[in-house]
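Atoms considered below: every heavy atom in the structure, side chains included; atoms not considered: hydrogens, waters and symmetry mates. In this text, all values refer to a predicted model and were calculated from it rather than measured experimentally.
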2 protein chains.
Amino acid sequence: MRKGEETRTRLLDVAEAAVLQKGFGGTSIEELIAETGITKSGFFYHFRDKNELAKALLNRYIENDERIYDEIFSRARDLVDDPLQSFLLGLKLLSELLSDLPNGHPGCLVATVCYYERLFDREIQETNRNAVLAWRRRFGRMLREIMAIYPPREPVNVDQLADMVSSVLEGGIVLSKTLKEPNTLAEQVLMLRTFVKMLFLPVVEMPRASGDSTFLGSAEPH
Amino acid sequence: MRKGEETRTRLLDVAEAAVLQKGFGGTSIEELIAETGITKSGFFYHFRDKNELAKALLNRYIENDERIYDEIFSRARDLVDDPLQSFLLGLKLLSELLSDLPNGHPGCLVATVCYYERLFDREIQETNRNAVLAWRRRFGRMLREIMAIYPPREPVNVDQLADMVSSVLEGGIVLSKTLKEPNTLAEQVLMLRTFVKMLFLPVVEMPRASGDSTFLGSAEPH
DNA sequence: CTGGCTCCTGTACCGGCGGTACGGTTTTCA
DNA sequence: TGAAAACCGTACCGCCGGTACAGGAGCCAG
């Protein structure tokens with residue numbers, strides 16, 4: 001029992017890294033068992049076929065993902081009481097966590113599965129769909145709390161705004177990976193944070209004084 | 001010459017649809033030639049290997065993508081003179097175009113390639129990277145024009161804001177496909193539009209009266 | 001100490017697929 | 001009409017996913 005779990009975990013670790021770099025179709029079982037150090041029979045002892053490997057991989061990824069969000073936003077909630085400030089802090093913490101990843105975000109399995117729909121059975125697609133719906137509920141819950149206090153400056157649909165968080169994360173990952181700019185993802189999260197801040201925080205007429213206008217209109221040419 | 005191009009185009013059409021549904025690794029050459037109605041020899045007459053098919057596929061996709069953006073935003077530019085209003089109109093037109101797709105957006109090849117990096121040579125990855133950089137330049141150019149007139153309400157980096165457009169599009173596609181909700185993508189684009197609007201359009205103290213949702217805000221710059 | 005369970009290894013085999021090689025054939029256009 | 005373009009047919013290779021099945025090492029309860 002103990003030994004089996006350990007091997008299985010190692011196998012999943014190797015598979016996850018490979019799949020995020022080459023996709024499911026591009027990842028061969030033989031390559032996984034070579035790197036894990038087991039035989040083909042060993043692999044098929046743990047997983048009936050590639051589809052079941054994908055299932056286990058996706059479930060594990062989603063669970064881990066949820067855990068991370070739980071930690072971040074509950075910590076933000078502990079530090080700040082106001083729901084808006086707490087959410088903004090959570091986004092800040094998230095962006096810090098993302099920019100601390102040494103080689104950038106490795107990629108999102110949900111997106112990988114999404115671009116592989118026809119290869120897997122309905123169960124996996126349903127799992128994937130539920131993961132995205134869980135994100136919608138999670139961020140939606142927090143946004144509803146905010147909206148109960150802060151009237152949004154523009155009329156917005158809560159679910160769509162919640163989806164915006166997922167969109168920016170998924171899109172940011174694609175950009176970050178494609179550009180090979182690890183920081184882009186974290187920057188996008190901060191940009192989203194600016195959006196939320198602007199949407200809910202009342203306008204304050206700041207005295208035009210201090211020089212905090214770092215980025216304002218000036219970016220590199222070209 | 002003429003016939004060859006036609007077959008090649010049909011092959012690329014079939015391949016693009018298949019790749020967006022199953023990824024490169026999940027798409028077999030044999031299945032492509034079966035649907036196109038040619039033989040294996042015919043396939044390898046047009047493309048030396050799968051890598052070259054991917055290259056042609058990606059280049060064609062990017063060109064078409066650029067063409068669509070050109071059309072939309074130049075049309076918006078023709079209709080409205082103000083750079084901000086023109087950009088907002090462009091986003092509106094884009095969202096309409098996206099919600100008019102009968103089966104939703106089929107997927108973005110740039111994202112597919114991004115999740116397949118290790119499978120292709122550097123040339124393809126470079127092509128993909130340049131496509132994203134072209135998006136950054138495109139939206140950045142328009143945003144700079146806007147910023148020359150409208151001071152942003154919050155300090156933002158132009159490139160990061162330009163990337164936000166790409167992020168929301170890429171992320172919206174993932175969400176739309178995963179949720180099987182074709183409209184989600186268009187909604188996300190409109191949400192981004194709200195962001196841009198809020199960021200640049202001056203605050204107007206509206207008398208709390210009628211339904212609010214006018215698309216083109218009616219305020220004058222500055 | 002023994003039997004049974006978990007966790008594998010080893011070997012053999014199948015069919016599909018990417019890719020190569022190469023000769024032949026039809027179609028197209030100058 | 002003739003050469004180039006655009007294929008077709010066939011045969012073959014090696015990798016890979018998957019199946020089948022036999023067996024073995026280690027551990028733990030009775």
Euclidean distance, atom CZ of residue A:Arg48 to atom C1' of D:dG17 [Å, nearest integer]: 15 Å
For atom CG of A:Leu53 and atom P of D:dC16, their distance in whole Å: 16 Å
Over 12 non-hydrogen atoms of neighbours within 6.0 angstrom of CD in B:Glu35: no
Integer-rounded Å distance: D:dT19 C1' and A:Asn51 CG: 17 Å
Nearest-nucleotide pick for B:Thr39, side chain only, options being D:dC8, C:dG10, C:dG19: D:dC8
Between C1' of C:dG18 and CZ of B:Phe43, the distance in whole Å: 9 Å
Residue A:Arg75 excluded, over 12 heavy atoms near CZ under 6.0 Å: no
Interatomic distance where CD belongs to B:Glu30 and C1' belongs to D:dC12 [whole Å]: 14 Å
Between P of C:dG10 and CZ of A:Phe44, the distance in whole Å: 16 Å
Working for salt bridge (Lys or Arg N to Asp or Glu O under 4.0 Å), residues A:Lys92 and A:Glu96: CA-CA 6 Å; A:Lys92 186 82 207 323; A:Glu96 277 172 9; 3.0 Å; yes
Between C:dG18 (C1') and B:Tyr45 (OH): distance, integer Å: 21 Å
Phosphate contact (D:dC8 OP1 or OP2) by B:Ser41 side-chain N/O below 4.0 Å: no
OP1 or OP2 of D:dA6 under 4.0 Å from side-chain N/O of B:His46: no
Given C:dT9, D:dG18, C:dG19, the nucleotide with the shortest approach to the side chain of A:Ile38: C:dT9
A:Arg67 and A:Glu71 ion-paired at < 4.0 Å: yes
Distance-only donor-acceptor test, A:Lys40 side-chain atoms vs D:dG18 base atoms, 3.5 Å: yes
Carboxylate-amine/guanidinium proximity below 4.0 Å for A:Asp13 and A:Arg60: yes
Whole-Å distance separating the CD atom of A:Glu6 from the P atom of D:dC27: 13 Å
Sugar-phosphate, base or nothing in reach of A:Ser28, heavy atoms under 4.0 Å: sugar-phosphate
Shortest side-chain distance from A:Ile29, nucleotide among C:dC8, C:dG18, D:dG17: D:dG17
